[in-house]
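As the structure is a prediction and not an experimental result, all values here were calculated from the model.
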Amino acid sequence: VEHSLGIGAALPFEESTIGTELQSVPKAQSRFQQLNVRGRDLRMPDFDKSLSSFKSKHFTTLMDDDSFQQIHDLVDLSAALKALLRDDRSGYAPLQGSTVSLIFEKRSTRTRTSTETAVGILGGHPIFLGQNDAHLGVNESLRDTANVLSRMNDAIVARVNEHAIIQELTEYSSKPIINALSDLHHPLQALADILTLQETFGQNLEGLKIAWVGDGNNIIHSLAVAAVQYGIDIDIATPVGYECDKSTMEWIYRQAKKSGSTVREVHDVNQAVKNANAIVTDTWVSMGQEDEFNKRLQDFAGYQVCMDMCKSADPNWKFLHCLPRKPYEVDDEVFYSERSIVFQEAENRLWTVMAVLLSHIKGSV
């Protein structure tokens with residue numbers, strides 16, 4: 001099959017092992033096709049078959065009935081797009097003529113930049129609508145906004161305060177709603193984290209241990225949702241009163257039983273970090289919580305990630321943070337060390353949102 005991606009990018013895997021490494025993802029159904037990229041024969045996932053199920057669907061939580069295969073397919077596609085487009089972004093425009101609206105109630109560096117860049121690389125046109133640009137429930141109902149934008153665009157990327165807004169947009173939009181962050185979920189970040197873990201620890205993540213140290217927020221909700229689909233063990237350490245959402249955790253525990261993952265919620269950071277392969281944290285004070293700043297800093301005392309905290313972790317442990325980072329969350333010694341893979345993680349936001357947009361708008365490569 002002649003591959004439509006006519007680009008000769010530097011590949012992150014040896015050519016002879018691409019198929020083998022992707023096939024080693026535990027329990028997921030792998031589909032492959034023979035592709036020709038500038039004269040080189042490569043085995044890559046047969047995305048046209050696996051992605052057709054995504055077309056015109058919403059992307060909100062990664063907690064759908066078919067989330068297991070969905071997550072694996074999207075991460076595989078992200079890795080393939082990165083391999084083929086990272087060093088040469090020309091010659092491939094599957095979204096030419098498409099427009100994507102970006103509704104942002106919250107500011108962002110990585111989410112906005114990665115999404116606008118992804119749409120542009122794929123040949124589409126992003127339309128940014130900030131708080132002062134769109135009537136998102138102000139002077140116009142969410143129902144009307146969804147109806148109008150979905151008649152003019154091929155997808156709507158929404159970064160909002162309340163998850164209820166995502167739910168209402170999906171109810172009335174005829175085009176895919178992509179959740180770019182809500183107070184409960186951040187699925188785009190979770191895909192980037194899984195891709196980063198695979199690049200660091202190998203394609204088979206079964207038995208890997210993640211230690212979460214921080215607030216029980218949207219980032220850990222989505223990361224845990226994705227992690228248990230790969231058989232990853234996860235310890236979640238939060239201060240008392242900052243635990244994860246109960247209903248989300250109930251879903252995670254059910255999925256963990258199916259995959260064999262071990263999930264624990266604790267209040268002892270040392271217990272969580274012990275033997276961990278990856279240590280992850282996030283902001284202690286999210287946007288909209290600024291009035292709680294002093295109280296939260298007191299409540300999170302002892303939660304700053306530092307070398308001393310991590311001395312009981314696996315000898316080859318790595319550190320992740322979705323950014324932006326504050327020094328009281330993780331000190332410079334860890335953040336700028338060889339242990340830290342945060343900038344690789346940030347770059348992968350580009351490739352994962354690209355995979356989500358391509359799959360949900362076109363349903364093929």
Next on the checklist: Using 30° and 60° as the class boundaries, would you call the ring planes of Phe300 and Tyr303 parallel, tilted or perpendicular?
Outcome noted: perpendicular
Checklist entry - Under a 4.0 Å N-O cut-off, is there an ion pair linking Arg112 with Glu116? => result yes
Checklist entry - Taking Gln189 for the side chain and Ser222 for the main chain, is one N or O donor matched with an acceptor at less than 3.5 Å? => result no
Item to check | Connected-component partners of Met152 among ILVMFWY, side-chain separation under 4.5 Å | outcome: Val148
Item to check | Check: His163 main-chain N/O paired with Asp183 side-chain donor or acceptor under 3.5 Å | outcome: yes
Next on the checklist: Between the side chains of Glu199 and Lys82, is the shortest nitrogen-to-carboxylate-oxygen separation below 4.0 Å, so that they form an ion pair?
Outcome noted: yes
Checklist entry - Parallel, tilted or perpendicular: which fits the ring planes of His360 and Phe54, with parallel below 30° and perpendicular above 60°? => result tilted
Next on the checklist: I'd like to know if Val266 and Ile210 are part of one continuous hydrophobic network [Ile/Leu/Val/Met/Phe/Trp/Tyr, side-chain heavy atoms within less than 4.5 Å].
Outcome noted: no
Next on the checklist: Whether the side chain of Gln96 engages the backbone of Gly123 through a donor-acceptor N/O pair (distance < 3.5 Å, no angle test) should be reported.
Outcome noted: no
Next on the checklist: Can you tell whether the side chains of Asp215 and Arg296 come within less than 4.0 Å, N to carboxylate O?
Outcome noted: yes
Next on the checklist: One thing to verify: whether Asp282 and Lys326 come together as a salt bridge, which I'm taking to mean a side-chain N less than 4.0 angstrom from a carboxylate O.
Outcome noted: no
Checklist entry - Once you round to the nearest 0.5 Å, how far does CD of Gln203 lie from NE2 of His72? => result 11.0 Å
Next on the checklist: Does any part of the side chain of Ile234, heavy atoms only, come nearer than 4.5 Å to the side chain of Ile236, both counted from C-beta?
Outcome noted: yes
Item to check | Side-chain donor-acceptor contact under 3.5 Å, Thr196 with Asn348 | outcome: yes
Checklist entry - How far apart are the closest heavy atoms of Asp154 and Ser98, and which atoms are they? => result OD2-CA, 3.1 Å
Item to check | Any donor-acceptor pair under 3.5 Å from Asn270 side chain to Val273 backbone | outcome: no
Checklist entry - Residues two or more places apart in sequence or in another chain: which of them pass ring pair (Phe, Tyr, Trp, His ring centres under 6.0 Å) with Phe335? => result Phe343
Item to check | Pairing residues for Thr113 by the side chain to side chain donor-acceptor pair (under 3.5 Å) criterion, not counting sequence neighbours | outcome: none
Checklist entry - Checking Asn179 side chain against Thr60 main chain: does a donor-acceptor pair fall under 3.5 Å? => result yes
Next on the checklist: Whether the side chain of Gln304 engages the backbone of Pro327 through a donor-acceptor N/O pair (distance < 3.5 Å, no angle test) should be reported.
Outcome noted: yes
Item to check | Side chain Thr170, main chain Gln167, donor-acceptor under 3.5 Å | outcome: yes
Checklist entry - Looking at OG of Ser78 and CD1 of Ile194, how far apart are the two atoms once the value is rounded to the nearest 0.5 Å? => result 11.0 Å
Item to check | Within one Ile-Leu-Val-Met-Phe-Trp-Tyr cluster: Leu184 and Ile220, side-chain cutoff 4.5 Å | outcome: no
Next on the checklist: Measuring from atom CG of Leu122 to atom CG of Leu81, what distance do you get when rounded to the nearest 0.5 angstrom?
Outcome noted: 7.0 Å
Checklist entry - Are side-chain N/O atoms of Thr111 and Arg349 paired as donor and acceptor at under 3.5 Å? => result yes
Next on the checklist: Can a donor-acceptor pair be found, under 3.5 Å and without considering hydrogens, that links the side chain of Thr238 to the backbone of Gly214?
Outcome noted: no
Checklist entry - Below 4.0 angstrom, N of the basic side chain to O of the carboxylate: do Lys209 and Asp233 qualify? => result no
Checklist entry - Side chains of Glu140 and Thr145: is there a donor and an acceptor less than 3.5 Å apart? => result yes
Checklist entry - Any donor-acceptor pair under 3.5 Å linking the side chain of His321 with the backbone of Val280? => result no
Checklist entry - Within a strict 4.5 Å, meaning less than it, do heavy atoms of the Trp251 and Val225 side chains meet? => result yes
Next on the checklist: I need the Asp64 CG to Gln69 CD distance, nearest 0.5 Å.
Outcome noted: 13.5 Å
Item to check | Arg325 vs Asp332 side-chain heavy atoms within contact, under 4.5 Å | outcome: yes
Item to check | Flag, side chain of Asn153 to backbone of Ala155, donor-acceptor distance under 3.5 Å | outcome: no
